[in-house]
Amino acid sequence: MPVCNSCSVNIVSALSVTCTDCDLTWHAKCQKLSKEDVDYLKESDNIWRCSSCSNAKRASLRLDTPVNLGNIDLIEIKEIILQLKDTFQKFKEDTCINFNNLNTKFNVIDMIITENNILKTHVIQLENKIEFMERRQISNDIIIDGIPENKTEDCTQLVQQICKELNSNINASMINDCHRIGFNRNNARPRKIIVKFINHQDKINTLKARQIKRNFSTKDIGIQPDMPIYIRENLTTKGNKLFKEARDLKKSLQFQFDVEWKETMILDAFTITPSIFEIDFEQTMELTVVFEPRSSSFYCTRFIIVADNSCAQEVNVFGDGQMFGARSVRLTGPGLLCTEAEAGSYVLDMGKIGEVVRYVYAKNTSRIKYPYRWIINHAIDNPGSKNAKVNFNIHPSTGLLDKFSETMFRVECGVTDEIVNEQLTGKYRVIATMMIDDIPKESIDDQNIFFKEQEDNPELLSIVMAEIEVISEYKGKECISLCTDCIILDLNWHQLRTDLCVKETVTFTNNGSCPVRVSWIPSPENAAAAVGVAPRSFEVADRAEISVRVEPLCPGGRLRETLRFSTENRDGVIGETVLYVRGTVEQTPVVRVRPAIAPLDNVCVGTLESYDVEFEVTSGGPFHVQRSLYVFDTAVGELSLRGVGKSFGPYGNENATMIPQLAKLNFNTPVETEANGISCQLAEWSFTASKTVHTQSVTYATLPDVRLNVNTITISESLYKGIPHTLKGIRLLNNTHCDFVYSWGNPMGSDTDKIDCRFKPSSGTVNGDANVEFEFILIPKKSGHLNKCHIPCFVQCDMLAPQTISFECWIYDFSATVTYVDVYDAQYRIVWQDDKKQWIVNTEHAEIDLLESESNQTSITKYLNSFDAENSEEYEIEPEDQKPTKWCFGEWPRRDTPLCAPLVEQMKQNPDYYHSVMAFKDIECNTGTDIQNIIH
């Protein structure tokens, strides 16, 4: 069990910390650590050192230990530096973690504050809603106070009696409820009576009647003792609180309410208009409050807006009366100097006239908005014995100085024609005076302020706020110093073509002190290119940009143009600026095309159609071909782009030369065949984007007519398992002029497991206006009725659905019996057993009759299957609708006629019983086909 290193007490369950360096344990309270500190150390996995280890750690980092300069160990210094680096890195990581934790905490705090504000807003809204509902509920209520209680009293009759004395016609039908409120505590003060009227107007009439009759008491209704009766509206809790505060305020300020109510109410230094008003539901009423202080002090007034429905709203109005002072507005700005310690007089040196523009800032340090205006006076120092004036302007010249804000003024000074023409050199002075208007006389307490009364209102003054002496100098004519950002305008980076207008921007820079007027001088008409400048005339004060437009007119040549600009400054100095334009115009290829219009008829909808377009292009350099296809929409009468354009090339000579070369091109152009009827398609061919030609195709498309001559086949004759059946006469008819590719699909349906079938040919092409005949081969696999099977025939056309052919037939099991005799005249019978897929042999001794037949080369033993002769039964399956067919042979077969292997084996085992076949006596089968087909 660990022991605290400080108090030597066992640490059982109390909070504890362990030093990282010495591994000793302390109580958290012994180290003055809180539970939050311990939890933080555990969560952040930070190190903690005790005071002893901390002091030792700090001592190891100090450099105040005496050092023997002759025995400096660089390894120790390096270790200390590395240790300091690790410590700093750890401190950096801990600081980042702490900052991240703090940011997380701050985010949580911000979320809590936001949520708290939302909840506060929601609570205020709910309180206002409850207040509104309470006011609506008691809007027809009045409170009557001062009537003594009686156990046998009737409150309704008392109210009717009171209203009768007040000359208010109130009966019992107008009162919804009437009773006393509160608990009867047997004290001297009677409880109040609350009256709920049905109509709101009855309540208003009762209150007005009480205001008319003064000194109303219980003796007026015959009740003793004599007590005053008070009648007022029933207010909510908040309304009662405001009413009490208004009454206390009246007592503390000794207000007298015996005033004459007018449209305008004056409360101390504030004027409120209107004081009595009507407002409808969801209407907004604006109240105007004018503040006119009588002294430089702080004013505070509170007034309450009370409505006839017991709704009260408190409004507090504050105002600070200030005296106007000379330091209310201060002027600042670059180059602006104050000539006096007290504000008012300034000097602004503009330097050379027209060289720079100065800015002056007026800062309003008061809480009052001041209207201002500038007055300009020219001070003539008689330069050149002439009363010349400069062009001086301050913008804005009038306006309003907002409270606690800064207003910027632009000061400009320029020469006039008189100064330039007569070369009146020298310095010019202008006095700019800022006037502050509409200042009341009562607010002026500084005798040093210069002012004058306004003519329209002598009670208001115009104050001279500041005077600025603006000094500028004219030194005579100056040379034009104008340059462009480029002397040669190179257009070779453009693809100059005859159908393309190139636009470039040229910048003029004025390095002089006065503006320069620039005008473009158009050159005579040039057959090589059309050149334009916009604007044609302009003024360059500092910088100006113009647009130069060049449209080549001749292909395959060099473009050389000279742009001349005449310049003139304010001193009348005239000059010229030249700009050179150069470039190379691409050779426009000569294109011949055929056919321009390609008519396509007898086209089927949904098929792939195209036509060939041949071009003969004569070009002096390489070129590409861009093709874009457009389809004409007959519904809206517009061309719409089909797909994306396709590019071909390059063609022609890779090295651009001035010698034209001929190139013949052929392009296969697809045609849209998605709709029947007449359709138009436009192909746009662009050659190096300098030459464009169009070809057009007119297509008449019809719906394809490809179908089978039969869709259902019913086989009337019986079919037998394993015996192939062939049908002919099935044809695919193509009644259009287009060729189509076809292909037969796999059988489909629930009866597909009963047969194996195929068409010959299974795929191919059916030519236009032709047909293809198929041979249908069917091999039954299971007996029964087959009627749920069809085979699709697919035709390669989007507008054609697959053709299908279905068939119906009956399938039976196969049955056959073969009778023959051997050399001993013994008769044998071989019976085919279909369920076992084998032949069963049996013998019968009978005389042999010579039978005639046309065939003498019949052999069945080659196809006999293995069988088991023992315990076998002879049977014969014959259909009900067909009698057995017999084949007879008139020629004896050869003695070496072989039998099947199992039968030969049995004959070898019993040679006395089985003998060689000498003749076939009879063959019976339930089919009507050739015996060789049966055996197969």
Side-chain angles (χ1 to χ4, degrees), residues 131 133-261 276 304-312:
E131 178 71 15
M133 294 174 64
E134 290 181 355
R135 290 176 181 175
R136 292 291 301 271
Q137 188 176 3
I138 63 176
S139 60
N140 296 339
D141 298 359
I142 62 173
I143 299 295
I144 302 177
D145 192 8
I147 299 178
E149 295 189 41
N150 190 353
K151 295 183 179 180
T152 60
E153 67 183 2
D154 188 352
C155 293
T156 304
Q157 292 181 0
L158 284 174
V159 173
Q160 292 180 10
Q161 189 176 356
I162 291 172
C163 294
K164 182 178 180 181
E165 293 296 331
L166 296 176
N167 296 324
S168 178
N169 298 324
I170 300 297
N171 52 40
S173 62
M174 299 178 182
I175 299 174
N176 185 23
D177 190 13
C178 181
H179 58 84
R180 291 186 182 269
I181 57 176
F183 297 98
N184 189 0
R185 297 183 176 85
N186 297 324
N187 51 12
R189 184 174 180 82
R191 292 181 296 169
K192 303 174 185 178
I193 299 176
I194 182 172
V195 181
K196 295 181 179 292
F197 291 99
I198 296 176
N199 193 350
H200 182 72
Q201 190 62 37
D202 296 336
K203 165 198 168 181
I204 300 300
N205 295 335
T206 303
L207 293 175
K208 289 183 178 180
R210 177 63 182 88
Q211 293 176 358
I212 294 174
K213 188 170 183 178
R214 298 177 178 271
N215 300 324
F216 184 60
S217 62
T218 56
K219 72 176 182 179
D220 295 329
I221 57 176
I223 298 177
Q224 295 296 332
D226 187 9
M227 298 178 61
I229 299 177
Y230 301 97
I231 301 176
R232 63 177 178 84
E233 290 186 83
N234 187 16
L235 303 178
T236 62
T237 303
K238 185 177 180 180
N240 284 323
K241 183 178 179 181
L242 289 176
F243 182 75
K244 183 177 180 303
E245 290 179 359
R247 185 173 58 190
D248 296 341
L249 183 63
K250 177 243 182 182
K251 291 181 180 179
S252 62
L253 299 179
Q254 298 179 357
F255 282 169
Q256 298 294 329
F257 291 102
D258 295 334
V259 297
E260 181 180 358
W261 293 97
I276 301 175
I304 301 174
I305 302 175
V306 181
D308 55 2
N309 62 348
S310 304
C311 178

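- The side-chain heavy atoms of T236 and E131, taken from C-beta on, include a pair separated by under 4.5 Å.
- Counting heavy atoms from C-beta on, the side chains of E233 and L207 come closer than 4.5 Å.
- In this structure, the separation between CD1 on I229 and CD1 on I193 is 9.0 Å, given to the nearest 0.5 Å.
- Atom CD1 of I231 is separated from atom CZ of F216 by 6.0 Å, given to the nearest 0.5 angstrom.
- The salt bridge (charged side-chain N to carboxylate O under 4.0 Å, His left out) search around D145 returns R189, not counting sequence neighbours.
- Remark: Q137 CD is loosely packed, at most 12 non-hydrogen atoms of other residues, nucleotides or ligands lying under 6.0 Å away.
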Derivation and outcome, side-chain contact (heavy atoms from CB on, under 4.5 Å), residues I198 and I175: CA-CA 6 Å; I198 296 176; I175 299 174; over 6 Å; no
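- Scanning both residues, R232 and N240, for their nearest heavy atoms gives NH1-OD1, 4.0 Å.
- Side-chain contact between H179 and I181: present, with at least one pair of heavy atoms (C-beta onward) separated by less than 4.5 Å.
- E149 contributes a side-chain N or O that, together with a main-chain N or O of R191, makes up a donor-acceptor pair within less than 3.5 Å.
- Atom CD1 of I194 sits about 4.5 Å away from atom CD1 of I143, to the nearest 0.5 Å.
- Salt bridge E134/K238: absent, no basic N to carboxylate O contact under 4.0 Å.
- Between atom CG of residue D202 and atom CG of residue N171 there is a gap of 8.5 Å, rounded to the nearest 0.5 Å.
- Once rounded to the nearest 0.5 Å, the distance linking CG of N150 with SG of C155 reads 10.5 Å.
- Between the CG atom of L158 and the CD1 atom of I223 there is a distance of 5.0 Å, given to the nearest 0.5 Å.
- With hydrogens and angles disregarded, no donor-acceptor distance shorter than 3.5 Å links the side chain of E165 to the backbone of I221.
- Side-chain contact check for N140 versus N234: every heavy-atom pair is 4.5 Å or farther apart.
- The two residues I170 and Q160 have their closest heavy-atom pair at O-CG, 3.9 Å.
- Side-chain contact, N205 with S168: no donor N or O sits under 3.5 Å from an acceptor N or O.
- The closest donor-acceptor contact from the side chain of K203 to the backbone of S139 lies under 3.5 Å.
- With T218 contributing its side chain and M227 its backbone, the two residues share a donor-acceptor pair below 3.5 Å.
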Would you sort out whether I147 and I162 count as a side-chain contact (heavy atoms from CB on, under 4.5 Å), showing the intermediate values? CA-CA 10 Å; I147 299 178; I162 291 172; 3.1 Å; yes
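- In this structure, N169 places its CG atom where only 12 or fewer heavy-atom neighbours from other residues, nucleotides or ligands lie under 6.0 Å away.
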